[in-house]
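Heavy-atom basis, side chains included; hydrogens, waters and symmetry copies ignored. Below, chain A is the first sequence line, B the second, and so on; all start at residue 1.
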2 protein chains.
Amino acid sequence: MTTYSLEVIGTIRSELKRREDAPLFYDEGAPNAYLEILPQYTDALHRMRVDDEIIVVIWLHRASRDVLQVHPRGNRSNPLTGVFSTRSPDRPNPLGLHRTKVLEIGPGGLQIGPIEAIDGTPVVDIKPVVGSDDH
Amino acid sequence: MTTYSLEVIGTIRSELKRREDAPLFYDEGAPNAYLEILPQYTDALHRMRVDDEIIVVIWLHRASRDVLQVHPRGNRSNPLTGVFSTRSPDRPNPLGLHRTKVLEIGPGGLQIGPIEAIDGTPVVDIKPVVGSDDH
């Protein structure tokens, strides 16, 4: 089996402290959060701008990686579905994609929001939303 | 430094053989491709349907992971920009996101397209496009 090594480039700092809280906040509107970037990666933020639309790629480090099928949204009345057709955090590579906006830019990270990711979530990449900018 | 292990779940089979060919095809419209899924992960395709819009998450295994700033699109007249504000394949974690459509579903993979990814590219996740489906 081929594997690659993913390096953590930053961490989400949020008032959302537990995975169970996320659905509640999702209904009510997710909070803003701080994306703390490790010092060795801050040069990769150069020329990022307030109001940029970005995709924050996270690693769901508490997910179960051996789950291949789930009942979507944890509801047993939903038929068992392959995880590649769902947004389940439990999947072989528990990557999560969060589309959000840059609110403030500091020397060590970004204020972003809204975003559903919980406090302490590792971040592995940041990408501009395709078509939102001419970078 | 915290690292996680990413497992390859499949491979792109495409007529696009070289990275240099991709921009040409991009202008002309990218080709369709076959996404071959490793046998131990095919159960995760259950209930995927033709015409589903998906995001294929690839690992750009030939990218340079120590690059933090680039001239966008390789054009030196574009100012040096942090890779987190660009779609450069060269970045700390060379993940690529390709939005595409399911054209056919076989026992060992998916016919998908159009997609710019080159032949042999490792695939690490497949996700439904948010809002495109009620999964």
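- Highest contact tally toward chain B, considering only A:D125, A:V83, A:T42, is held by A:D125 [criterion: heavy-atom pairs under 4.5 Å].
- Of the listed residues A:N78, A:V57, A:L80, the one with more heavy-atom pairs under 4.5 angstrom with chain B than any other is A:L80.
- Residues that satisfy the ring-ring contact (aromatic ring centres under 6.0 Å, His included) test with A:Y41, not counting sequence neighbours, are absent from this structure.
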Got a list of side-chain donor-acceptor pairs under 3.5 Å for residues 32-40 of chain B, not counting sequence neighbours?
residue, atom, partner, partner atom, Å
B:Y34, OH, B:G109, N, 3.2
B:E36, OE1, B:R13, NE, 3.2
B:E36, OE2, B:R13, NH2, 3.2

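- Atom CZ of residue B:R47 and atom OG1 of residue A:T86 lie 11.5 Å apart, to the nearest 0.5 angstrom.
- No continuous path of hydrophobic side-chain contacts links B:I105 to B:L103 [ILVMFWY only; heavy atoms under 4.5 Å].
- Applying the side-chain contact (heavy atoms from CB on, under 4.5 Å) rule to B:V8 yields the partners A:T2, A:Y4, B:P122; only residues at least two apart in sequence or on another chain are considered.
- Among the candidates B:G82, B:P92, B:A44, the residue making the largest number of heavy-atom pairs closer than 4.5 Å to chain A is B:A44.
- Across all their heavy atoms, A:I126 and B:R91 have their closest contact at O-NH2, 2.7 Å.
- Residues of residues 61-69 of chain B lying under 4.5 angstrom from chain A, judged on non-hydrogen atoms, are B:H61, B:R65, B:L68, B:Q69 in numerical order.
- Neither the backbone nor the side chain of A:V70 has a heavy atom closer than 4.5 Å to any heavy atom of chain B.
- The distance from the CD1 atom of A:I55 to the CD1 atom of B:I55 is 6.5 Å, given to the nearest 0.5 Å.
- Rounded to the nearest 0.5 angstrom, A:L95 CG and B:L97 CG are separated by 9.0 Å.
- Put simply, CG on B:L6 and CG on A:N93 are 4.5 Å apart, with the number rounded to the nearest 0.5 Å.
- Criterion: ILVMFWY side-chain heavy atoms under 4.5 Å apart, direct or through other members. Under it, A:V129 and A:V124 are part of a common hydrophobic cluster.
- Under the 4.5 Å side-chain heavy-atom criterion for Ile, Leu, Val, Met, Phe, Trp and Tyr, A:M48 and A:V50 are members of the same hydrophobic cluster.
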